[in-house]
Every structure is written in C-alpha cells, then in structure tokens.
Amino acid sequence: MSKLVEINFDGIVGPSHNYAGLSLGNVASAKHQGQTSYPRAAALQGLAKMRGNLARFGHQGFLLPLPRPNGALLEQLGKGAENNPAMLAAAYSASSMWTANAATVSPAPDTADGRCHLTPANLVTMVHRAQEWPDTKRMLDLAFADDEHFSVHHPVPDTFGDEGAANHMRLCTDHDQQGVEVFVYGRSLAERGSGKFPARQHIEASRAVARLHGLDPAKTVFIEQNPVAIEAGAFHNDVVAVANGDTIFAHELAFADRQAAYDAIREAFPALQVVEVPDSAVSLADAISSYLFNAQLVTRPEGGMALVVPEECRENARVWSYLEGMLATNGPIREVVPVDVRQSMANGGGPACLRLRVVCDPSKVDQRFLLSEARADAMEAIIAAHWPEHIDPDDLGQPALDQAIRNARFALLEVLDLTELG
Ligand SMILES: NCCC[C@H](NC(=O)CCC(=O)O)C(=O)O
C-alpha cells in the first residue's frame, strides 16, 4: 500500500474577503468590482467543500488566512497610499485563499534528494498578491517543518513572475512512482503589443523551480499557454486545464501548440490520456465563465476519477450537456460533483484555485494543518461568530472593521493552536 497520498490544502477564506477588482486579466474580479462581499458565507462555502472532500476522498488539509490589513504594505507604498482605493484594498486582500498560487510542489519520488519540495510563488504581477509570500512561507515552514521529508525554498527572483501550482500539472501512474511534471508558462499578446492582459507565469521562473526541486529533465516538460486563452481571461493554466493520475482534462485552446504539447508530454509519459473539450462544444468564454476546468480532478477510493466543479457549470446549458455526454462515454472521469463556492468564484477563484495539492505521507505533516470533523466544527463556530457578515468596498479602512478582521483571524489561530502565526 502506498504511503504517499494526495492532500489538498484549501485556503480558508479570510475575514477581509472583498471585491476590489484588483486583478487585471481576471474577468470575474473586474466584473464584481465594488460589489458587497460576504466573508462569513464565503468561508462557510469553502469549509463545506473541504468537509465534502474529506468525507469522500479521505484526506484534507488547510492553510490559514494571512494577517490583514497589511500595514507594512501601505508603509512600503508611502504615506497617503491608503487614500488610493486600489492600494487600500490591496492591503486588505484575502487573496491567499487561492492556495493553488501559494507554491509549486514536487513530491518526493520526482526529486533528486527524495524529499518533497515546495517553492512559494512570488506572485509579482499583482501588488495585492505579491505581499503574500513571506507569510505563506512562514506557514509552509511550519506545516512542512520535517526537513528529512520536506524542503521549503525561497521564491525565485522577482524579475520572473511565478504563480505556483496553478501553472503546474503532475502525471503519474501511482503516487509512489516518479511522475512527469508539466510547467505551463505564458507569453501574452500584450507583450507582443496587441493584447490587454499580462502573462503572469514566466518560463524563467518555471525552469528555476524545476532546478530548485531537482527534477529529472527527462521527466519535466515546459509548455506555452495559448496567448488567445490569456486574452480571453485564462490568467492561469488551471482555468483551462487540470491533470490527475494519467489524465489531462483540457480545453482545445489551452496550449499554444496543442499537438506539440501532447507529443512532448507523451514522450515523457507514454500512458497519457487526454480528455479534450472542443471549442465547438464549450467556447473559451463558456469555459471561463463556468470555470469548468478549474475543477478538482480526484481519484476516487472506489476507482475512476471525480471532477469537482463549481455550481456555475450546472447553470450553463452547453457546459452541463458536455459533462453529461462525457460521463456517458465511460472515460476516465466517472462522476461530476458540483460545489457552491460562489463568493470565491466572483473573484475568479474556483474549486481548484482554492486548494494546493501536496503528495506526501500525512504523518510527516504538522497535524495542526490537517482537517478532521472536530476541527471543521471548531472552525465553523469561529467563522460563524467572528467573520464579518458583509463588506462594502467603502468600509475598508474603518477602524472597527480593522479590529474585527484582526480579532477574527486571531480567534481562529487560537482554536487551532497556531497562535505562533499571529
Ligand atoms: N487562482 C485564482 C486566483 C484569483 C485571484 N483573484 C484576485 O486576486 C481578485 C482580488 C480582487 O479583485 O479583489 C487572482 O486573480 O490571482
């Protein structure tokens, strides 16, 4: 029996969750700018997803909200920065909930020293995300402190944008076996002078992470994301593709040169199965509004894979009818499980954005970061009692809200016995 299992570490939605439209190129973030957010409902939705996955798949971890508002960021931006709504909102951002961007993870069987390697993402493209990594690293250092089994790196130099696991896929036949790691980088139309949106993942960053993790070059593939997908709003690869086991589930327009991409992956991983969704069945626009590919593709204990998709997929007739047809084909994906993460979705974060996958032996992880029913109950009580019910963008900066947000986070740290992160 394999000792290594996949643990999904979901980001708990922080008490400062708000809609500030901070992410250029993220269509949902722009669309919901200025709306009222519901942090308590958001965190409870995330917790319900975690509970469901724990019951179904057996292992679940979590990462905590980072300290907000971040006064150090406002200080760095100079006195008066708080009068600029975007800068103020950046200091309040709860964006660390999207832990797919916390780090890139290479499990032990893939690495030269046989340890599981994690490199926090520098997230330099957006100021509200670039502030995350020091606190994220502090948490990863704690959760994966056992340095016989884990190695937590520094981020790559910030000249090169790195957005973590959202642009990384691992293929394997079994978690205990060496896998093939696929890094997807972007070169935007904007860089070429004809587009609006930035490419957030640079190939130099992907290559650096692969070197830092000691990956075997014969088992590592670098693929260019389709600039057309970036321009349509796929700001990370996980908006148009997801992998699990021997399978990639992807949109036809996910990669710059699809045939070359699949050929390169097949050369390193001959057993590859591709479930490709044609643009004629689900357009890029439908894929991006429903977040069909921002799904958790998970191997079920009983065999076959489940696709955990946002509820929004059920509301899009073309997407839902594609999924029904796919299930009828008896391919690798046997089940579709819709989950309600609408509060996160409105900022462009679906079920897959909310989790960081770490393949490891769960007994080597700091147990305080692993979910149990009892811990879920304790968290739920804290969220219900302390998370603000709603936040309007105009509320940001009010001393009472500041205090409520700080107290809420601290109450959670206390109940989880993690006050050293305070
Ligand atoms: N992986 C999903 C990430 C979503 C995230 N959204 C945001 O940061 C929106 C924040 C705001 O607009 O308030 C992003 O674009 O990086």
Side-chain angles (χ1 to χ4, degrees), residues 8-11 13-39 42 46 49 63 65-66 68-70 73 84-104 121-133 136 161-169 184 186 188 197-201 225 229-230 232-242 287-289 291 293-296 310 312 341-357 391-396:
N8 284 261
F9 288 82
D10 279 41
V13 180
S16 66
H17 161 61
N18 69 90
Y19 297 126
L22 297 177
S23 274
L24 178 66
N26 172 339
V27 177
S29 154
K31 186 170 156 203
H32 294 93
Q33 173 172 17
Q35 294 196 3
T36 302
S37 65
Y38 293 87
K49 160 162 114 73
L63 295 175
L66 304 183
R68 297 287 176 268
N70 183 359
L73 176 67
N84 175 315
M87 296 302 137
L88 180 67
Y92 275 84
S93 180
S95 54
S96 69
M97 73 177 83
W98 301 298
T99 51
N101 311 115
T104 307
N122 61 30
L123 294 166
V124 287
T125 306
M126 310 274 161
V127 70
H128 69 288
R129 303 225 58 185
Q131 68 181 322
E132 290 175 32
W133 78 258
T136 299
D162 180 19
E163 302 266 327
N167 297 309
H168 176 253
M169 303 186 281
V184 184
S188 65
F197 299 151
R200 300 206 216 168
Q201 182 74 39
Q225 200 189 346
I230 296 177
F235 53 93
H236 291 140
N237 175 61
D238 69 1
V239 175
V240 279
V242 60
I288 287 159
S289 64
Y291 261 36
F293 299 93
N294 200 261
Q296 292 182 253
E312 282 78 350
V341 287
R342 286 180 202 280
Q343 283 290 309
S344 167
M345 282 285 287
N347 248 340
C353 292
L354 285 161
R355 62 93 174 93
L356 179 68
R357 292 185 281 190
I391 296 182
D392 287 317
D394 291 348
D395 298 339
L396 301 181

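This is a predicted model, so every value here is computed, not measured. Read the numbers this way: they start at 1 and go in the same order the structure lists the ligands and their atoms.
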Report the part of [X] in contact with ligand 1, treating N, CA, C, O as backbone and CB onward as side chain, heavy atoms under 4.0 Å; options are side chain, backbone, both, neither.
{"X": "Met345", "value": "neither"}
{"X": "Asn101", "value": "side chain"}
{"X": "Arg129", "value": "side chain"}
{"X": "Gln33", "value": "neither"}

For [X], atoms of ligand 1 separated by under 4.0 Å from a heavy atom:
{"X": "His236", "result": "1 (N)"}
{"X": "Arg200", "result": "14 (C), 15 (O), 16 (O)"}
{"X": "Gly21", "result": "11 (C), 12 (O), 13 (O)"}
{"X": "Gly348", "result": "2 (C), 4 (C)"}
{"X": "Ser23", "result": "6 (N), 7 (C), 8 (O), 9 (C), 12 (O), 14 (C), 15 (O), 16 (O)"}
{"X": "Ser29", "result": "9 (C), 11 (C), 12 (O)"}
{"X": "Asn18", "result": "13 (O)"}
{"X": "Asn347", "result": "4 (C), 5 (C), 6 (N), 7 (C), 9 (C), 10 (C), 11 (C), 12 (O), 13 (O)"}

[X] and [Y]: which non-hydrogen atoms are nearest, and at how many Å?
{"X": "Asn237", "Y": "Asn167", "result": "N-OD1, 2.8 Å"}
{"X": "Gly350", "Y": "Ser344", "result": "N-OG, 4.4 Å"}
{"X": "Gly186", "Y": "Ile230", "result": "CA-CD1, 4.1 Å"}

Discussion item. Is it the case that ligand 1 has an N or O less than 3.5 angstrom from some N or O of Asn26?
Written reply: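 Yes, Asn26 has an N/O under 3.5 Å of an N/O on ligand 1.
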
Fill in: N/O separation below 3.5 Å, Gly349 to ligand 1
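N/O-N/O distance under 3.5 Å: no.
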
Worksheet entry | atom 8 (O) of ligand 1: nearest protein contact (heavy atom, Å) |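 Protein heavy atom at minimum distance: His128 NE2, 2.7 Å.
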
Discussion item. Looking at Pro393, is its backbone amide N or carbonyl O close enough to the side chain of Asn18 to form a donor-acceptor pair, meaning the two atoms are under 3.5 Å apart?
Written reply: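 Here the side-chain-to-backbone pair does not exist.
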
Do [X] and [Y] make a side-chain contact, defined as non-hydrogen atoms from C-beta onward lying under 4.5 Å apart?
{"X": "Pro310", "Y": "Asn294", "result": "no"}
{"X": "Met126", "Y": "Arg200", "result": "yes"}
{"X": "Leu24", "Y": "Phe197", "result": "yes"}
{"X": "Tyr19", "Y": "Gln343", "result": "yes"}
{"X": "Leu63", "Y": "Ser96", "result": "no"}
{"X": "Val240", "Y": "Gln225", "result": "yes"}

Discussion item. As a check for students: among Gly11, Cys353, Ala20, identify the option with a heavy atom nearest to atom 13 (O) of ligand 1.
Written reply: Ala20

